[in-house]
Every structure is written in structure tokens, then in C-alpha cells.
Amino acid sequence: MSEKHPIGVFDSGYGGLTILREIHRSLPQYDYLYLGDNARAPYGVRSMETVYRFTLEAVTSLFNAGCNLVILACNTASAKALRSIQQNDLPKIWEADGNPNKRVLGVIIPSVERIGSVTRNGHVGILATQGTVTSGSYTIETQKIYPHLQVSAEACPMWVPLVEYGEADSPGADFFIEQHITRLLEKDPEIDTILLGCTHYPLLIDKIRKYVPEGINVVAQGEIVARSLADYLQRHPEIEAGISRGGETEYLTTESAWKFCDAAASFMKEPLDAKQITL
């Protein structure tokens, strides 16, 4: 692993695998290293200070494993930790190891850029974790890029556990999914575009579409982030040159490897191997 320089993809649990799958589909030539902090998931209910500390530990681990570019494929980490890491920690890391081309990117800004081009009437809804909603990151970033848009957000605290515990297809999931979609549309009945602001939520997409009225766009993040990454690498050849091209993907988890592999296979649609680490 030390001789490789893969693209690092980090998530608090399994959701980032939906991002990795789309990135790998679009850019199969590169090496990838996925890290799931499954032992400490979910992040959505944790404080900003805790999420920042956990995320920095994960980013540091991926840098130490040879990654020069790390994608925070986690909305909560992107909302609560990305800016601090970019502004405060990266300069220290560059100085310490003499590599000014190490980068950490998130999923929020690419998603905001996308929904702004999809909505027809300027009314956008966000379904996300409590941590992401509380941070206000989507509203803040949307106002910077598209100040005319009206953004309404709804926290869905039960949705990640439904996915993590294999209950996404259960009848009980319908109650929570319908409940939060109803609440979101009550906040703004004119919403015409809904962003799934959590990488776990694509695994609930069939039930989500069941309760979203016809004519409302439901936007997942995987394809958005993959497209944004391809554009980023094209615009930054000095970063792209530092990525190894073996077409291989490795998986790390802070949980037991067998447990991770069993659950991750449903996200990646194929069997995989993983290694357990401690952050």
C-alpha cells in the first residue's frame, strides 16, 4: 500500500460506498482506498468538535497510507469538519511532509452546484442527518452560489440506522420515510427538487420515490461527486499526476472486517475484502 498513491474515500460508515461506486464507475483507472469509521458511526448525532476530531484522524490515516487526495464522502464530516481541516490542518501537514499537493474535498459544494441547475422554480428540499441539518451547511453554501433559491431541510435521524441494520426494505421503514418527506413538503409545498443529503439514502431510493409526489426530482450524490472529481482532476493536473493507476480498490474499517464486508457487499453489489484498523 505504501508504494501506491490511491484516492482516499472516507465515510463514517457504509454510505460513502455509494459515492465510491460511482467514482470508480467513472474513473476506473485509479487506485482507491476506502475507510469506514464503522465502530464510531453514526456521526450525524455527534458534536461538531467530535466529528472534526474523528474526521481529522481518518484523513491523517489515509494520508499516512499513501493517499494524496481524500474525498470526505460523508455529508456530516463535510459539514462539520472539512473547512477546519482545509484551513487549519492542511497547511501544517504540507509543511511537515513537504508535499503541498495533498488535498481534502467534500460532497456539499458539488451537490449544491448540481441542485441549483436542476430546480425549475427555485424551491429545493434537503433530506439529511441531524448533524448536517443543524450545521446549516447546505443553506449557507446555496446562498453563496444561488442566493435566489429557497432551501428547506428535514433531519431524518432514523434513516441511517434503517440502512445500517439491514431494514431498508422492511415495512417499518415506510413509516419513517413517509413521515419525513411529508414534513419536508409541509415546510415548502412548492419544492420541485429534493437532494438526498446523506450517502446512505440511495439505498432507500425506491421507498423515497414511493412517497415523493410525481414531478419532484430526487437527486442522489454519487454521480454528482464523481463528475465533480473528474472535473477537479482535469483542472488540477499536478494533483492528478500524484494518483497511482492500478485500477485496484482496498477497504479499511474500524469495525470487524467480516461485519464490514457482509454489509458493504450490498452497497458495492459485489463481494469484497477489508482490513480492520484503529484510528
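Small disclaimer: the values here were computed from a predicted structure and weren't measured. Residue numbers count from 1 along this sequence.
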Distance, nearest 0.5 Å, that separates OG of Ser244 from OH of Tyr30:
10.5 Å

Is the distance between the ring centroids of Tyr14 and His200 under 6.0 Å?
no

Within 6.0 Å of CG in Asp273, more than 12 heavy atoms from elsewhere
no

For the residue pair His180 and Trp159, categorise the inter-ring angle as parallel (less than 30°), tilted (30 to 60°) or perpendicular (more than 60°).
perpendicular

How long is the straight-line distance from CD1 of Ile108 back to OG of Ser135, given to the nearest 0.5 Å?
6.0 Å

Under 6.0 Å from the CD atom of Glu164, do we count more than 12 heavy atoms belonging to anything else shown?
yes

Taking the six-membered ring for Trp, are Tyr232 and His236 parallel (under 30°), tilted (30 to 60°) or perpendicular (over 60°)?
parallel

About how many Å separate OG of Ser61 and CG of Leu33, when rounded to the nearest 0.5 Å?
8.0 Å

Between Thr142 and Thr139, is there a side-chain donor-acceptor contact under 3.5 Å, judged purely by atom types and distance?
no

So with a 6.0 Å cut-off around CZ of Arg245, is the heavy-atom count from everything else above 12?
yes

Does CD in Gln234 sit with more than 12 non-hydrogen atoms of other residues, nucleotides or ligands closer than 6.0 Å?
no

Separation between CZ of Phe63 and CG of Asn99, rounded to the nearest 0.5 Å
8.5 Å

After noting the C-alpha distance and the side-chain angles of Thr129 and Thr76, does the key distance pass the side-chain hydrogen bond (donor to acceptor under 3.5 Å, both in side chains) rule?
CA-CA 7 Å; Thr129 66; Thr76 303; 3.0 Å; yes

Taking only Lys NZ, Arg NE, NH1 and NH2, and the carboxylate oxygens of Asp or Glu, determine whether Glu178 and Arg183 approach each other closer than 4.0 Å.
no

For Asn38 and Thr254, does a side-chain donor sit closer than 3.5 Å to a side-chain acceptor?
no

Any heavy-atom pair between the side chains of Ile181 and Leu127 that's under 4.5 Å?
yes

Applying side-chain hydrogen bond (donor to acceptor under 3.5 Å, both in side chains), run through Tyr138 and Asn75 and close with a yes or a no.
CA-CA 10 Å; Tyr138 273 101; Asn75 284 270; 2.5 Å; yes

Under the criterion side-chain hydrogen bond (donor to acceptor under 3.5 Å, both in side chains), I'd like the reasoning laid out for Thr253 against Gln276: C-alpha separation, chi angles, the key distance, then a yes or no.
CA-CA 5 Å; Thr253 176; Gln276 183 178 2; over 6 Å; no

How long is the span from the CD1 atom in Ile243 to the OH atom in Tyr32, to the nearest 0.5 Å?
7.5 Å

Value for CD1 (Ile93) from CD1 (Ile85), rounded to nearest 0.5 Å, stands at 8.0 Å

What's the verdict on side-chain hydrogen bond (donor to acceptor under 3.5 Å, both in side chains) for Tyr52 and Asp89, showing C-alpha distance, side-chain angles and the deciding distance?
CA-CA 11 Å; Tyr52 163 70; Asp89 299 294; 2.7 Å; yes

